[in-house]
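Step one of this worksheet: look at the structure below.
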Amino acid sequence: MSRLIVISNRVSAVRGELSAAQGGLSVALTAALRESGGLWFGWSGELTEEFTGQINFSRNAGVTTATVDLEEQDVDEYYNGYANRTLWPLFHYRIDLAQYERDFAGGYQRANERFADTVLPLIEPEDAVWVQDYHMIPLGAELRKRGLRNRIGFFLHIPWPPRRLLNTLPEARELVETMFAYDLVGFHTEEWLHSFCDFATAEFGATVEDGLMRVNGHQVRLLACPIGIDAKEFAELSAGATAAEHCRVMQESANGRAMIVGVDRLDYSKGLEERFAGYERYLVDNPEERKGVFLLQIAPPSREAVETYQRIRAVLEGMSGRINGEHADVDWVPIRYVNRNYPRDVLAGIYRAAKIGLVTPLRDGMNLVAKEFVAAQNPEDPGVLVLSRFAGAAAQLTEALLVNPYSAEELSDAIKTASCMPREERIRRWKHMFDNVQREDVRWWRKRFTDALMSVPCRPGARQSG
Ligand code: ADQ
């Protein structure tokens, strides 16, 4: 069996030490690597005065990690700059928030060259390399420049934007061209994959047949492969003592009211402003029923060095304060707004205590919270998932109440429908979604991707193993 070399911006392999700042990607890859073994390479999250390429190895839960420190300028331009001020907003269709600066593009390129130089000696001839996400798009091309002939795959965890939006990026063509160095490129959904093909076809004359793109003398296999959660682990957590205790505490504190829960990194793509507006609309539209519910919104801050994240934080603090001030009563507060991380078993208990899960991103590659909410429910009395039709997860969780997150009226209607949905209908919808969450879990995702990668014929000169 070939070893797997996973390369991503941040590395995390210690069970129980995942933070929301690292996001769902860490959850998924930890589970995947725990099963397959192998090496995980990335940025340590630490700064160094001068980049040396010195690698820090450690071994956790059967996974070897290799990390490297970056210079402050790299972090400013590559991570806080190009990755989170340019690509993240652009790929989530927010060109109004995207910043296009040559220094950012240069820092991104430099950091990727540094990653390539550092990881290259760790890769053995039979290894398959799997590069993750938008921080590292040019890494495959950099490895090829350095002579690597191994199979290299790339998976994008965020949406792929429509061609006309992507074309606002000054170096869009160069960036996309680097993706042709990969043997396999994966997206969560057919929609993102089609957008990618559209760009490559219109700009480079690519042809696509049976999932194989031919472009500029390269062949790139394409795969729509939705990521899942570690459903087994999550079901165990949900059934455990800590989850049960937190479920009980939440039910007691709900005091007979139906809890609506939202759990998101504090990010403008998650549609939190629009969610609060939709919830307020529900309060206004339903004066009789409104005191029968409350919204618990858990939103730990992320990417705080970036101004747009400071702004969304201030906006939400203002909105939650205003809505509570305007609608609260002496015996009821409509929004509990919490900016904290919780251990996963505590989250499981909170999801289980909720009658409604509100997962309403404006645009999301997948959204693992939707799947965690489903996995945590009590099969006898499950809550209802209200899900944005613009999250990748909507393609699989078709029995959720699908909404347009930009429409306060649709959100308000969905909360109303969910809060009076009969038990039989809740069970029917939940079963359908739970089947999917269990079947298409993180192991299924990892296997589909790595099987597809391993089925790519070896390049001449590469060493193959069975
Ligand atoms: P994210 O944008 O980070 O991931 P998501 O998929 O929802 O979004 O994952 C968030 C993770 O953080 C979940 O596992 C959740 O439980 C955890 N989390 C959130 N708030 C928390 C809190 N307060 N305490 C503890 N944990 C918390 C990116 C893409 C997504 C894609 C994933 C995986 O943006 O679209 O689904 O990668 O590909």
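Whatever order the structure lists ligands and atoms in, that order sets their numbers, starting from 1.
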Looking at [X], which atoms of ligand 1 are within less than 4.0 Å of one of its heavy atoms?
X	result
G365	35 (O)
V369	7 (O), 15 (C)
R344	14 (O), 16 (O)
P300	20 (N), 21 (C), 22 (C), 23 (N)
R265	1 (P), 2 (O), 3 (O)
V263	19 (C), 20 (N), 21 (C)
H188	38 (O)

Have a look at [options] and point out the one with the heavy atom closest to [atom].
atom	options	result
atom 22 (C) of ligand 1	V346, N341, L156	N341
atom 23 (N) of ligand 1	K371, M366, R363, R340	R340
atom 25 (C) of ligand 1	F234, Y134, F155, Y342	Y342
atom 1 (P) of ligand 1	K270, H157, Q132	K270

Using distance alone, decide if ligand 1 has a nitrogen or oxygen within less than 3.5 Å of any nitrogen or oxygen in [X].
X	result
H92	no
L368	yes
D264	no
W88	no
I298	no

Any chance [atom1] of [X] has more than 12 other-residue heavy atoms, nucleotides or ligands included, within less than 6.0 Å?
X	atom1	result
E72	CD	no
E317	CD	yes
R164	CZ	no

**OP:** Identify whether the distance between the nearest side-chain nitrogen and carboxylate oxygen of E113 and R110 falls below 4.0 Å.
**Re:**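 No, E113 and R110 are not salt-bridged.
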Original post:
Is any NZ, NE, NH1 or NH2 atom of the basic residue among R426 and D381 found under 4.0 Å from an Asp or Glu carboxylate oxygen of the other?
Top reply: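 Yes, this pair counts.
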Original post:
Under a 4.0 Å heavy-atom limit, does L347 contact ligand 1 with its side chain, its backbone, both, or neither?
Top reply: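 The answer is the side chain of L347.
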Original post:
So D264 and R275, side-chain contact (heavy atoms from CB on, under 4.5 Å) or not? Walk me through it.
Top reply: CA-CA 12 Å; D264 310 76; R275 188 179 308 168; 2.7 Å; yes
**OP:** Check if F373 has a non-hydrogen atom at a distance under 4.0 Å from any atom of ligand 1.
**Re:**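 It does not, in that no heavy atom of F373 comes within the 4.0 Å cut-off of ligand 1.
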Original post:
Are the side chain of D267 and the backbone of S269 linked by a donor-acceptor contact shorter than 3.5 Å?
Top reply: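 Yes, because the side chain of D267 sits within donor-acceptor range (under 3.5 Å) of the backbone of S269.
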**OP:** Taking salt bridge (Lys or Arg N to Asp or Glu O under 4.0 Å) as the test, write out the residues that go with K431, two or more places apart.
**Re:**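 Not a single residue meets the salt bridge (Lys or Arg N to Asp or Glu O under 4.0 Å) criterion with K431.
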**OP:** With sequence neighbours excluded, give me every salt bridge (Lys or Arg N to Asp or Glu O under 4.0 Å) pair touching residues 79-94.
**Re:**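 Matches after skipping sequence neighbours: R85-E307, R94-D96.
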**OP:** Mark yes or no: R163 above the aromatic ring of F199, with NZ or CZ under 6.0 Å from the six-membered ring centre and no more than 45 degrees from the axis.
**Re:**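 Because its charged atom misses either the 6.0 Å distance or the 45° angle limit, R163 does not stack over F199.
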